[in-house]
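Written below as structure tokens is the structure these notes are about.
Treat the numbers as computed from the prediction; the structure is a model and nothing was measured.
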Amino acid sequence: MEAGPMLSGATAAWIALVVAGPMALAAALWDLRRMRIPNALNIALAAGWLPLGLATLPLDAVGLRIAGALLVLVAGFAVFAIGKVGAGDVKMLAAGALWVPGGAAPAALLLLSAALLIGAAAVFAARRILASPDHPWRGLRPQAKFPMGVSIGGALIAFLGLAVRAAS
């Protein structure tokens with residue numbers, strides 16, 4: 001998060017981590033538990049960014065972040081339409097995109113790629129260890145698809161944590 005006239009870069013980075021981090025973690029656990037991410041959680045993740053964005057960015061930069069998130073949403077729904085990702089995952093990616101400056105998008109995508117590999121390996125390993133077709137956590141059932149919210153949340157938390165470190 002860039003610093004604006006109202007907050008220092010380090011303060012903005014900490015606020016971003018404190019606001020978005022718990023929501024990203026909740027979405028990850030919710031997806032693992034129920035294989036869906038509630039709309040309310042994705043809306044809260046997006047809405048949580050708005051006051052911080054307005055406090056730290058010029059209005060044109062706020063508009064660019066929103067445009068970037070909309071681009072992620074549209075591209076994500078194209079992938080959703082062919083059945084490769086869930087709608088909640090797409091909405092979470094778009095909400096998370098608000099928290100990423102445009103110049104940091106390549107780093108965020110690299111983190112997301114690593115988180116997808118690590119998350120898939122961890123979930124599939126847990127499924128083998130806890131193999132049960134009626135496991136109470138739907139994301140851990142052997143027949144379930146991959147709960148991508150685990151990786152999206154992990155990548156967002158990692159990105160925001162690295163932003164705090166860089167700003168300190």
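Side-chain atoms of Trp49 never come within 3.5 Å of backbone atoms of Ala97 as a donor-acceptor pair (strictly under, hydrogens ignored). The main-chain N or O of Arg127 is never found under 3.5 Å from a side-chain atom of Arg141 such that the two would form a donor-acceptor pair. The main-chain N or O of Pro142 is never found under 3.5 Å from a side-chain atom of Arg128 such that the two would form a donor-acceptor pair. At least one donor-acceptor pair under 3.5 Å links the side chain of Asp31 to the backbone N or O of Met148.
Gly86 and Phe80 get closest at one heavy-atom pair: C-CD1, 3.8 Å. Taking all atoms of both residues into account, the shortest heavy-atom contact from Ala24 to Leu156 is CB-CD2, 4.1 Å. The two residues Ala94 and Ala69 make their nearest non-hydrogen contact at O-CB, 3.4 Å. Shortest non-hydrogen contact noted between Gly102 and Pro106 is O-CD, 4.2 Å. Of all heavy-atom pairs spanning Ser151 and Leu112, the tightest one is O-CD1, 4.2 Å. Pairing each heavy atom of Val19 with each of Pro22, the nearest pair is O-CD, 3.7 Å.
A distance of 5.0 Å separates CZ of Phe77 from CG of Leu73, quoted to the nearest 0.5 Å. Atom CD1 in Ile152 sits 7.0 Å away from atom CG in Leu116 (nearest 0.5 Å). Put simply, CD1 on Ile157 and CG on Leu160 are 8.0 Å apart, with the number rounded to the nearest 0.5 Å. Rounded to the nearest 0.5 angstrom, Leu50 CG and Leu98 CG are separated by 8.5 Å. Atom CG of Leu64 sits about 11.0 Å away from atom CG of Leu59, to the nearest 0.5 Å. Here the CG-CD1 distance, from Leu111 to Ile118, works out to 9.0 Å after rounding to the nearest 0.5 Å.
For Arg33 and Trp30, the positive end is not near the middle of the six-membered ring at less than 6.0 Å and at most 45° from its axis.
Hydrophobic clustering keeps Val85 apart from Val74 (ILVMFWY residues linked when any side-chain heavy atoms are closer than 4.5 Å, directly or through intermediates). Note on Leu93 and Met35: separate hydrophobic clusters, where clusters join Ile, Leu, Val, Met, Phe, Trp and Tyr whose side-chain heavy atoms are under 4.5 Å apart, directly or indirectly. Leu71 and Val62 fall into different hydrophobic clusters, defined by Ile, Leu, Val, Met, Phe, Trp and Tyr side-chain heavy atoms under 4.5 Å apart, directly or through other members. By the criterion of side-chain heavy atoms lying less than 4.5 angstrom apart, applied directly or through intervening Ile, Leu, Val, Met, Phe, Trp or Tyr residues, Val72 is not grouped with Leu110; the two fall into different hydrophobic clusters. Each of Met23 and Ile43 belongs to its own hydrophobic cluster when Ile, Leu, Val, Met, Phe, Trp and Tyr are linked at side-chain heavy-atom distances under 4.5 angstrom.
Residues Val123 and Leu32 are in side-chain contact: their nearest non-hydrogen atoms beyond the backbone lie under 4.5 Å apart. In this structure the side chain of Pro147 never reaches within 4.5 angstrom of the side chain of Arg36, judged on heavy atoms.
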